[in-house]
Amino acid sequence: MTAIALQPRVHPAVEGGLQLEVTNVSRETESIVSITMAAPEGGRLPSYVPGSHLVVQWGNGVNAYSLTGSGNAPSEYSISVLRVGEGAGGSLAMHRLCVGDRVYVARPRSAFAPASTATHHLLVAAGIGITPVLSHARAAVERDSTATMIYVHRPDAGAHVAEARELLGPGLIALVECTDRGSFQNVLAEALITQPVGTHLYVCGPVVFMDAVLEEARGHGWSSARLHSEAFGAAELDAGEPFTVHLARSGVRLEVPAGVSLLETLETAGQSIPNMCRKGICGECVLPVLRGAPQHRDLYLSEQEKAANNTMMSCVSRSNDPELELDL
Amino acid sequence: MPPAAGNGLEPGFRGVICVSFGSSDDTALPDTNGQPRYDLHFESATAESLSELKSVLSGSRVGVRLILAGPPTDIRAAAAAAADCGLLGEEVTLLPQETGPRFVYCPHCLTTTVDEAAGTEVKCQGCATTLTIADHFSRRRGAYLGYSAHAEEAA
Ligand code: FES
């Protein structure tokens, strides 16, 4: 099945990237497949920071997926894709990939890196959120660091469970699997009050899940700098709160309603903003922020760039403050 | 007199650890808002006292906060030890003790002057030079280093 083997046109989001060949496809669960890619001529691929994601082109679109390896001198890249019924079609196309197919990918991008000062890592994953967390666990094992993992998945439907169990040892010192909410609550509460003092927490899963974990951690005295989270792609984004933007140069004020993106609002108001993927991946729609704290929901900016709060991706990001001022 | 290492600290402590150095009085430390509190006092930040602090910190758990009170050089050394243990800046409160008598060592006449005024300058009791009090604290002499305040003008 090589019909979708070579995409007709390279998407700008993966330009300057790599062309890889699918070397393995394996079914993790009913709705998740793992896809492994390597350079057609073999050899090393660029290394990546644990928790990085890979932008992959499917047809004419692009999507970002977490890499599941440790990232240290890899000869292949592995991602796992959850089939989302009514998604933009990307996950379905990815599920159709076969060994031998060629795909375009961008170089891996880091936005969920382990803290260099951490003395221990508490990894919390739900469902497909296991993918970047598995990367962190592998890195901890390889780099003589230590990690504890809590993994919430449906009974008999956990992706990468066997691999996580295999990592158990001096690096991954504990793996707790939870298959129901109640047990997870207890496990999490216990974990949050028993971590050695240099521990950092990393959580990946549905937004509501992550919010609940982060809130509970803060309640137990975890400072924000110890907390790291990785949101999924656009499919998971909610409508968000309404906010106002003030365009400093033109002196215009615009209301951005819930469910409408800043990019759409600006376009409706006659501004032309360069854009490409419209889902926080390519970086085209970046805007300079003069005042206010954006609610960053993109996969493009690094954690440092997000913390600086002077740029934002207008296609997906919103505002934590009632008003943002933009240099437009 | 420093308590024995980790003594009295319940395992898995997540409250506030209050450490005072030198003449700092424990009562000068702020209220911990009903949070469990563990007090430590050291004469100064020596290798020994810092390693005791580290052992106390490594027995504590995420959620712990640290308050350091005393002469700036001591609390800075303690803050560095805390960072080594994985504490973050926002989890450590520094209460530099700028008030109270300090000893200032004059490098010109080698006299140590007691400074009661807590200013940035003091007149040397030995040679009457106006000394600027440097941040540098000599543990050997137990005194801050002074240097001639108006050296540039005099020369
Ligand atoms: S259009 Fe691609 S990041 Fe916004």
Side-chain angles (χ1 to χ4, degrees), chain A residues 113-124 136 139-140 143-150 171 173-174 176 186-203 212-229 293 303-304 306-309, chain B residues 3 5-19 29-40 45 49-68 75-95:
Chain A
S116 60
T117 56
T119 57
H120 183 68
H121 308 274
L122 175 61
L123 309 172
V124 184
H136 277 256
R143 295 174 191 190
D144 282 336
S145 163
T146 61
T148 296
M149 191 195 288
I150 303 173
I173 59 175
V176 188
N186 296 338
V187 166
L188 179 68
E190 174 68 14
L192 288 175
I193 60 171
T194 51
Q195 297 307 308
V197 83
T199 307
H200 282 241
L201 181 151
Y202 308 82
V203 57
V213 169
L214 297 174
E215 194 185 315
E216 176 145 10
R218 281 188 213 100
H220 283 294
W222 288 65
S223 47
S224 320
R226 295 196 180 281
L227 304 175
H228 312 269
S229 59
E303 276 177 278
Q304 288 92 319
K306 285 179 182 171
N309 277 346
Chain B
N7 207 1
L9 186 74
E10 62 180 275
F13 185 76
R14 296 188 304 119
V16 183
I17 297 174
C18 298
V19 187
L29 291 168
D31 191 26
T32 55
N33 254 328
Q35 293 238 62
R37 163 176 172 164
Y38 182 69
D39 290 328
L40 276 172
S49 58
L50 291 181
S51 92
E52 186 181 331
L53 174 62
K54 284 188 181 185
S55 101
V56 166
L57 287 175
S58 51
S60 67
R61 294 290 175 259
V62 170
V64 78
R65 295 292 185 274
L66 181 65
I67 298 177
L68 300 169
I75 66 175
R76 241 175 263 153
D84 284 349
C85 294
L87 261 85
L88 303 172
E90 61 198 270
E91 296 164 348
V92 180
T93 306
L94 302 182
L95 300 175

Practice task
Under the ring-ring contact (aromatic ring centres under 6.0 Å, His included) rule, collect the residues that match up with A:H200, sequence neighbours excluded.
Solution key: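 So A:H200 forms a ring-ring contact (aromatic ring centres under 6.0 Å, His included) with A:H228.
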Considering all heavy atoms of both residues, which atom of [X] and which atom of [Y] are nearest to each other, and what is their separation?
| X | Y | value |
| --- | --- | --- |
| A:A225 | B:E90 | CB-OE2, 3.2 Å |
| A:R226 | B:G86 | NH2-O, 2.8 Å |
| B:C85 | A:V197 | O-CG1, 3.1 Å |

Practice task
Nearest 0.5 Å please: distance from the OG1 atom of A:T119 over to the CG atom of B:D84.
Solution key: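 So the gap between those two atoms works out to 11.0 Å.
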Handout entry: Which residues share a side-chain hydrogen bond (donor to acceptor under 3.5 Å, both in side chains) with A:T146, sequence neighbours left out
Key =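 Partners of A:T146 under the side-chain hydrogen bond (donor to acceptor under 3.5 Å, both in side chains) test: A:H120.
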Exercise for the section: Please check if atom CG in A:D144 has more than 12 non-hydrogen atoms from other residues, nucleotides or ligands closer than 6.0 Å. Expected result: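 At most 12 heavy atoms, drawn from other residues, nucleotides or ligands, come within 6.0 Å of this atom.
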Practice task
Give the member of B:G12, B:G89, B:G59, B:S60 that has the highest number of heavy-atom pairs under 4.5 Å with chain A.
Solution key: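 Sorted descending by pairs with chain A, the first entry is B:S60.
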Handout entry: Per-residue contact mode, A:S223 against chain B (heavy atom under 4.5 angstrom)
Key =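 When you check distances to chain B, atoms from both the backbone and side chain of A:S223 fall under 4.5 Å.
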Problem - Candidate pair B:R61 and A:I193, rule side chain to side chain contact (heavy atoms under 4.5 Å, CB included), full reasoning - result: CA-CA 7 Å; B:R61 294 290 175 259; A:I193 60 171; over 6 Å; no
